Amino acid sequence: MTATRVQPRPSILTIEPYVGGESSLPGVNRIVKLSSNEGAFGPPPAAQEAYRRAAGELHRYPDGGATVLRKALGERFGLDPARIVCGAGSDEILTMLQLAYGGEGADIVMSAHGFSMYELSARYAGSQVVKVPERNLTADVDALLAAVGPRTRLLFLANPNNPTGSLLPRAEVERLRAGLPPEVLLVLDAAYAEYVTRPDYEPGAALVDASLGRGDNVVMTRTFSKIYGLGGLRLGWCYAPPAVVDVLNRIRSPFNINEAAMVAGVAALGEADWIAQSVAHNTEWRATLTAGLEAAGIRVWPSEGNFVLADFGAPATARAADAWLRQRGLIVRAMGGYGLPACLRITVGTGEECGMVVEALGAFMREGRQGV
Ligand SMILES: *Cc1c(COP(=O)(O)O)cnc(C)c1O
């Protein structure tokens with residue numbers, strides 16, 4: 001075959017480029033960005049200070065082993081630092097896992113409305129994506145297990161899930177893990193772990209440990225992009241069995257975590273009170289936002305994250321609501337790309353921002369919906 005120009009592997013061109021939450025609207029002065037689930041209060045003060053202090057040392061390469069950050073994570077979460085690998089966002093870790101354990105001829109399994117990065121990075125690796133129907137916008141363990149076949153190499157579960165907000169109870173996650181063959185890697189994505197209020201919740205570290213010597217096939221991923229307010233620095237991490245840690249340390253680029261992100265991350269971990277206040281804020285305002293939208297006649301799916309999924313019943317209504325919000329400077333996330341075109345995902349912002357959304361959507365339901 002003679003190509004007329006360079007060609008990537010065929011699977012690459014099946015990828016739909018990731019579209020992030022918008023952050024500007026033409027002709028609107030004050031923008032309220034509630035489209036990317038960033039924390040409501042910006043970066044923690046100590047993290048900002050650490051970032052500024054790092055400026056004078058930016059000519060130095062960072063510590064490629066991310067030693068201080070892994071140590072701080074180990075202390076904060078009671079985990080062995082040797083079993084932690086950091087990444088430029090948890091997205092980088094997800095991608096590394098896909099490339100290392102999947103590839104041409106492999107399948108990955110995810111639930112129908114699971115996080116879009118799983119599909120994108122699977123295609124990058126060359127794997128086929130198997131999407132499994134959900135029940136009530138919640139992952140269905142029996143259906144997930146039934147979808148696992150001889151080609152399956154990875155199974156991704158965000159718990160809580162983005163964009164649905166749904167949470168699988170601990171016993172269900174354990175049942176999922178118990179039903180997987182040892183050669184399938186279970187990736188538990190706990191990006192929203194800090195926001196969960198259900199008492200029996202366990203983000204995944206216990207299941208990682210339970211897999212030791214019994215497949216070594218569970219990884220938990222976490223991020224600094226949500227409650228820690230550092231999405232712009234790109235910082236995430238995972239807790240994994242030694243064999244998976246070894247694989248990730250072979251393939252990651254030697255300096256994948258930059259110095260500024262590392263020191264800001266360590267400082268953010270020290271802001272326990274600030275984090276606790278952010279969690280309390282989210283718990284309160286997630287409920288207030290939910291109640292306000294429901295009072296306006298909008299269905300809201302139960303969420304354990306820092307966002308809610310508002311269901312307008314029909315794609316045209318959701319599109320009209322989105323346009324109505326944008327005219328008022330409120331940017332939320334349309335969900336057509338997730339197969340949920342009747343829904344909008346709304347991040348829990350400050351109290352004022354939540355109030356603006358409730359007021360605007362209340363007006364939309366009274367006046368703006370006609371003719372849709
Ligand atoms: C936001 C998010 C992430 C975090 O991505 P980063 O690369 O760490 O910013 C991971 N998983 C889910 C489900 C998310 O919503």
Side-chain angles (χ1 to χ4, degrees), residues 62-102 117-118 121 153-159 170 173-174 176-178 180-194 196 201-228 230 234-259 261-270 272 275:
D63 167 21
T67 314
V68 292
L69 179 58
R70 289 187 299 105
K71 181 165 171 286
L73 286 165
E75 280 168 13
R76 169 66 188 78
F77 295 102
L79 302 172
D80 177 2
R83 302 265 306 283
I84 292 172
V85 180
C86 298
S90 43
D91 283 355
E92 188 193 21
I93 293 170
L94 298 171
T95 302
M96 288 193 288
L97 292 170
Q98 297 268 25
L99 288 166
Y101 292 95
M117 266 302 294
Y118 309 151
S121 54
R153 290 292 168 271
L154 298 118
L155 191 152
F156 289 85
L157 177 74
N159 204 37
R170 181 176 185 149
V173 183
E174 285 171 359
L176 176 63
R177 140 91 190 128
L180 282 180
E183 67 274 15
V184 176
L185 183 66
L186 172 62
V187 182
L188 294 172
D189 177 346
Y192 299 95
E194 289 81 1
V196 175
Y201 177 67
E202 200 282 315
L207 275 189
V208 173
D209 287 339
S211 81
L212 296 178
R214 295 202 264 140
D216 298 323
N217 62 339
V218 183
V219 174
M220 169 186 75
T221 62
R222 305 285 287 264
T223 183
F224 282 88
S225 302
K226 306 288 157 52
I227 191 87
Y228 291 101
L230 297 179
R234 315 304 304 123
L235 194 58
W237 56 283
C238 71
Y239 179 67
V244 176
V245 168
D246 175 60
V247 165
L248 293 174
N249 280 329
R250 286 168 194 261
I251 62 171
R252 70 179 174 80
S253 77
F255 304 106
N256 61 329
I257 305 302
N258 71 75
E259 183 68 23
M262 199 154 17
V263 295
V266 171
L269 289 171
I275 300 296

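In what follows, every heavy atom counts, from backbone to side chain, and hydrogens, waters and symmetry copies are set aside. The model shown is predicted, which means the values in this text are computed figures rather than measured ones.
- With a 4.5 Å cut-off on side-chain heavy atoms, L269 and I275 do not count as touching.
- With sequence neighbours excluded, the residues satisfying salt bridge (Lys or Arg N to Asp or Glu O under 4.0 Å) with E75 are K71.
- Annotation: salt bridge (Lys or Arg N to Asp or Glu O under 4.0 Å) contacts of R170 (sequence neighbours excluded): E174.
- Take S90 and apply the side-chain hydrogen bond (donor to acceptor under 3.5 Å, both in side chains) test, not counting sequence neighbours, and it matches no residue.
- Counting heavy atoms from C-beta outward, V173 and L207 have side chains that approach closer than 4.5 Å.
- In this structure the side chain of W237 never reaches within 4.5 angstrom of the side chain of L69, judged on heavy atoms.
- The shortest side-chain heavy-atom distance between P241 and V208 falls under the 4.5 Å cut-off.
- In this structure, F156 and L94 have side chains that are in contact, with non-hydrogen atoms separated by less than 4.5 Å.
- The side-chain heavy atoms of D216 and V244, taken from C-beta on, include no pair separated by under 4.5 Å.
- Not counting sequence neighbours, the partners of D209 by the side-chain hydrogen bond (donor to acceptor under 3.5 Å, both in side chains) test are R83, Y239.
- The shortest non-hydrogen separation linking E259 to D63 is OE1-N, 3.9 Å.
- Closest heavy-atom contact between R177 and S211: NH2-CA, 3.5 Å.
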Check the pair E194, R222 against side-chain contact (heavy atoms from CB on, under 4.5 Å), reporting the backbone distance first and the verdict last. CA-CA 10 Å; E194 289 81 1; R222 305 285 287 264; 3.1 Å; yes
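- Here the closest heavy-atom approach between residue Y201 and residue A190 is recorded as OH-CB, 3.8 Å.
- Scanning for side-chain hydrogen bond (donor to acceptor under 3.5 Å, both in side chains) contacts around R153 gives an empty result, with sequence neighbours left out.
- Going from atom CG of L73 over to atom CD1 of I84 covers 5.0 Å, rounded to the nearest 0.5 Å.
- Of all non-hydrogen atoms in A205 and L79, the two that sit nearest each other are CB-CD2, 3.9 Å.
- A search for side-chain hydrogen bond (donor to acceptor under 3.5 Å, both in side chains) contacts involving N159 returns nothing, not counting sequence neighbours.
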Check against side-chain contact (heavy atoms from CB on, under 4.5 Å), V219 and Y101: CA-CA 12 Å; V219 174; Y101 292 95; over 6 Å; no
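- Under a 3.5 Å cut-off, the side chain of R252 and the backbone N or O of G87 do not form any donor-acceptor pair.
- Taking CG from L185 and CD from Q98, the interatomic distance works out to 9.5 Å, rounded to the nearest 0.5 Å.
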